[in-house]
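A, B, ... follow the sequence lines: proteins, then strands. Residue 1 opens every chain. What you see is a predicted model; the values in this text were computed from it and never measured. Atom set for the values below is all heavy atoms of this structure, side chains included, hydrogens, waters and symmetry mates excluded.
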Number of protein chains: 2
Amino acid sequence: MTEAVDTERESAQRTAILNAAMHLFGKQGYTGTSMRDIANAVGVLPGSLYAHIQGKEALLISIVADGINRFLAAVEPIADSSAPAATRLRKMIIAHIEVVADNPQRSQVVFHQWRFLGEQSQPQAVERRQAYEDAFSRVVKDGVKNAELKADLNQRIAVLTLLGGLNWSAEWLSPDGRLSPAQLGDLMADSLLGGILA
Amino acid sequence: MTEAVDTERESAQRTAILNAAMHLFGKQGYTGTSMRDIANAVGVLPGSLYAHIQGKEALLISIVADGINRFLAAVEPIADSSAPAATRLRKMIIAHIEVVADNPQRSQVVFHQWRFLGEQSQPQAVERRQAYEDAFSRVVKDGVKNAELKADLNQRIAVLTLLGGLNWSAEWLSPDGRLSPAQLGDLMADSLLGGILA
DNA sequence: CCTACCGATCGGTAGG
DNA sequence: CCTACCGATCGGTAGG
């Protein structure tokens with residue numbers, strides 16, 4: 001029992017540290033956040049953090065890896081389903097916005113702080129992000145092939161522009177806005193899929 | 001003559017420092033860049049920087065203010081011209097991409113590093129960025145009013161999504177790619193204005 | 001988890 | 001523009 005409780009407490013404290021780091025990295029950036037900032041947020045002295053974590057970079061690795069996985073887990077199953085490409089894209093857009101809205105600060109870390117990963121961990125993160133982009137590319141390619149999407153599309157530019165529009169939502173999206181994330185995603189899909197011209 | 005040359009030299013060195021800071025802030029972030037990094041890039045010892053500049057934050061203020069001005073100068077005249085809204089939007093998109101492509105790192109500083117401005121300078125930067133967004137909002141509003149754009153558009157979401165797609169280009173755009181910035185902007189305008197559905 | 005501390009690096013300055 | 005340096009803060013550790 002004592003061991004179980006200890007493990008539980010330790011894991012809970014680790015989670016608290018990861019959460020504080022996620023919010024601070026998202027708000028102030030990785031290099032703009034000190035271990036003392038994180039310790040203050042958790043309510044512990046700086047040196048005490050190292051009983052629960054390996055170091056500053058290990059925090060970033062965990063947050064980025066977990067964050068990318070959330071996007072992939074939400075979107076890849078939709079991309080690989082059998083619905084029409086246009087339907088899949090709309091659902092992927094909504095799923096993406098739901099992940100961003102679930103925690104915009106985590107999303108900001110995924111989008112911008114991966115640059116500060118070390119030489120070992122950065123390639124894996126870049127690879128996973130590329131896999132995410134590829135999921136959208138596959139569906140766009142399908143859609144062009146079966147004439148759901150415009151034949152003369154520059155597919156690479158279209159995917160990058162679409163993903164940019166989605167990712168930028170972490171800058172302005174507030175988790176407690178009037179519109180639900182799903183409604184927001186639906187409206188963004190309207191603009192991105194159908195355009196804005198009458 | 002001597003004074004003129006001195007002033008010239010001093011101004012040239014100031015420019016070199018600003019350029020080095022711009023690239024480093026864009027690549028490593030403001031908090032991830034030390035004055036020693038900047039001094040190394042310029043080829044001078046750290047203390048020598050202070051003969052030309054006031055301090056680290058003064059560098060950021062200059063770079064951000066100048067950067068926002070470039071976007072406004074390129075886009076506002078088009079927004080306030082008398083062409084059809086759809087034409088204006090396409091031209092604004094192209095102009096925006098041309099400014100990003102002219103120096104993606106400066107754009108990254110404008111987009112992401114303004115958070116590290118102090119309490120005096122940040123509000124002005126936020127205001128100027130808002131003015132930039134407003135230029136797009138005005139044109140979209142015009143377009144909806146005269147039925148060039150979809151009547152059922154959520155205009156705020158449409159503008160934020162469009163600007164996100166544009167701003168994100170600083171992440172992937174390479175100044176020496178095969179497509180010219182104007183061609184790139186035109187393709188992005190195709191996607192953003194007309195959508196991707198067939 | 002705290003006390004007490006390490007060497008390294010930070011932005012910036014005085015004096016020449 | 002350099003020499004020489006300042007106090008503050010950084011990520012992290014030993015020992016309890």
task = Begin with the C-alpha distance, continue with both residues' side-chain angles, and end with the deciding distance and a verdict on side chain to side chain donor-acceptor pair (under 3.5 Å) for A:Gln105 and A:Asn103.
result = CA-CA 5 Å; A:Gln105 269 143 338; A:Asn103 198 320; over 6 Å; no
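- Crowding of A:Glu127 atom CD: a count of heavy atoms from other residues, nucleotides or ligands under 6.0 Å not exceeding 12.
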ask   = Reading nucleotides 2-16 of chain C 5' to 3', which nucleotides get B (base under 4.0 Å from a protein heavy atom), which S (sugar-phosphate only), which -?
value = BS------BBBB---
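- In summary, B:Arg70 and B:Asp66 engage in a salt bridge, as defined by a charged side-chain N under 4.0 Å from a carboxylate O.
- Among the duplex regions that DNA chain C forms, those built from at least three successive Watson-Crick or G-U pairs under 3.5 Å are C:1-16 with D:1-16, ordered by first number.
- Salt-bridge annotation for B:Arg90 and B:Glu148: absent, with no side-chain N of the basic residue lying under 4.0 Å from a carboxylate O of the acidic one.
- Between the side chain of A:Arg88 and the main chain of A:Ser82, no donor-acceptor pair closer than 3.5 Å is present.
- Checked by atom type and distance alone, the side chain of B:Gln113 never pairs as donor or acceptor with a backbone atom of B:Gly29 at under 3.5 Å.
- Under 3.5 Å, the side chains of B:Ser121 and B:Glu57 contain a donor-acceptor pair of N or O atoms.
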